[in-house]
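Single-structure report; data block below.
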Amino acid sequence: MTPAQRAFDALGLAPFAFQTEVWQAVAQGRSGLLNAGTGTGKTYAIWGGLLNRLAQGADPLGAFPQILWITPMRALAADTARALQRFADIALPGLRVALRTGDTPTAERARQDRMPPQALVTTPESLSLLLSKPQGLQMLAGVTAVVADEWHELLGNKRGVQLQLCLAALARGPCPPLVWGLSAT
């Protein structure tokens, strides 16, 4: 049983067809845009696929950010980090999801730098700041997937441009990450 299916079973849920299709696409190493209505399970579709893929790796709980989850707003980032951690606690126990935004205390940022989580939820601005550090690209060299949540909110504005530049920087590495956009419109 895959980690995503284990979590769905534990939560008393059955995955929708589009969720299992996304799991398969992620397993095949494909990037994409998932467009579905609010409350239909987009987050679990992509998160489940990424956890399944992570579990297949040699070191699924390795100590470097493997997944970046980008949200356009700090409040959404905090809610998303909690939801991802709850799902991960069932699907892949031991996986750490951390939050890094402008509100993250300096001590927590330092802890993340010393002991990076497997998944980091952040904003385009905070990701730009991370990548601007002298060791920024090196810190994020292990990223295998980037999720742009609420992609429609990032199109055509400064945050979207920041994210595109960050994605371009991450894609220059030896193994460019999968990139998934989530949108409700």
Side-chain angles (χ1 to χ4, degrees), residues 4 16 18-19 21-54 64-88 95-104 112 116-133 136-137 139-173 175-185:
F16 293 114
F18 83 89
Q19 291 171 319
E21 288 172 22
V22 169
W23 297 350
Q24 292 168 359
V26 170
Q28 295 166 359
R30 297 190 345 230
S31 295
L33 173 64
L34 176 55
N35 193 357
T38 300
T40 58
K42 294 182 300 293
T43 299
Y44 287 166
I46 189 62
W47 186 234
L50 293 174
L51 293 180
N52 288 346
R53 188 168 198 249
L54 204 56
F64 50 85
Q66 297 174 60
I67 300 169
L68 292 176
W69 196 286
I70 314 303
T71 66
M73 299 166 285
R74 286 182 274 189
L76 178 60
D79 290 344
T80 299
R82 283 189 293 273
L84 297 180
Q85 187 65 69
R86 279 192 302 267
F87 193 87
L95 184 132
R96 289 181 302 116
V97 177
L99 176 65
R100 189 168 185 139
T101 68
D103 294 336
T104 304
Q112 291 172 6
Q118 290 82 23
L120 183 65
V121 179
T122 190
T123 61
E125 295 87 353
S126 292
L127 179 57
S128 293
L129 289 173
L130 260 175
L131 285 170
S132 71
K133 295 171 97 173
L137 277 174
M139 286 175 56
L140 299 175
V143 171
T144 60
V146 179
V147 178
D149 205 346
E150 302 292 339
W151 180 243
H152 58 278
E153 291 290 333
L154 297 168
L155 293 176
N157 62 41
K158 181 179 93 170
R159 288 178 160 153
V161 172
Q162 281 181 313
L163 180 56
Q164 289 172 341
L165 292 170
C166 291
L167 290 174
L170 293 170
R172 290 186 359 219
C175 187
L178 301 181
V179 178
W180 279 86
L182 300 181
S183 181
T185 57

Indicate the atoms forming the closest heavy-atom contact of Pro124 with Cys166, along with that distance. O-SG, 4.5 Å
So do the side chains of Leu140 and Leu127 get within less than 4.5 Å of each other, counting heavy atoms only? yes
Could you check whether any side-chain N or O of Gln85 sits under 3.5 Å from a backbone N or O of Val97, counting only pairs where one atom can act as donor and the other as acceptor? yes
Check side-chain contact (heavy atoms from CB on, under 4.5 Å) between Thr101 and all other residues, then give those that pass, not counting sequence neighbours. Arg74, Ala77, Leu99, Asp103, Thr104, Thr123, Ser126
Okay, side chain of Asn52, backbone of Ala4: is any donor-acceptor separation there less than 3.5 Å? yes
Under the rule for side chain to side chain donor-acceptor pair (under 3.5 Å), what residues qualify as partners of Arg86, not counting sequence neighbours? none
Note: Ala145 and Pro177 closest approach over all heavy atoms is N-CB, 3.7 Å
Name the one of Thr80, Leu120, Thr122, Val146 that satisfies side-chain contact (heavy atoms from CB on, under 4.5 Å) with Trp69? Thr80
List in chain and number order the residues that pass ring pair (Phe, Tyr, Trp, His ring centres under 6.0 Å) with Trp23, two or more places apart in sequence or in another chain; answer none if no residue qualifies. Phe8
In Å, rounded to the nearest 0.5 Å, how long is the span from CD of Glu150 to OG1 of Thr71? 8.5 Å
To the nearest 0.5 Å, what is the distance between CG on Leu167 and CD on Gln164? 7.5 Å
Are the side chain of Gln118 and the backbone of Arg96 linked by a donor-acceptor contact shorter than 3.5 Å? yes
Would a 4.5 Å heavy-atom cut-off, applied to side chains only, mark Val147 and Ile70 as touching? no
Identify the two heavy atoms, one from Ile46 and one from Trp180, that lie closest to each other, and give their separation to 0.1 Å. CD1-CG, 3.3 Å
Could you name each residue pair satisfying side chain to side chain donor-acceptor pair (under 3.5 Å) that touches residues 30-49, not counting sequence neighbours? Gln28-Arg30
Which atom of Pro72 lies closest to which atom of Glu153, heavy atoms considered: CG-CB, 4.0 Å
Specify the closest pair of heavy atoms between Ala45 and Val22, including all atoms of both residues, with the distance to one decimal. O-CG1, 3.6 Å
As a quick check of understanding, evaluate side chain to side chain contact (heavy atoms under 4.5 Å, CB included) for Gln162 and Leu165, giving each step before the final call. CA-CA 5 Å; Gln162 281 181 313; Leu165 292 170; 5.9 Å; no
Listed by chain and number, what are the salt bridge (Lys or Arg N to Asp or Glu O under 4.0 Å) partners of Glu125, not counting sequence neighbours? Arg159
Pairwise distance CG(Leu84) to CG(Asp149) - rounded to 0.5 angstrom: 8.5 Å
Quick one, Met139 and Leu131 - any side-chain contact, counting heavy atoms below 4.5 Å? no
Identify, with sequence neighbours excluded, every residue that meets side chain to side chain donor-acceptor pair (under 3.5 Å) alongside Arg100. Gln112, Asp113
Straight-line distance of Ser183 OG to Leu33 CG, nearest 0.5 Å: 6.0 Å
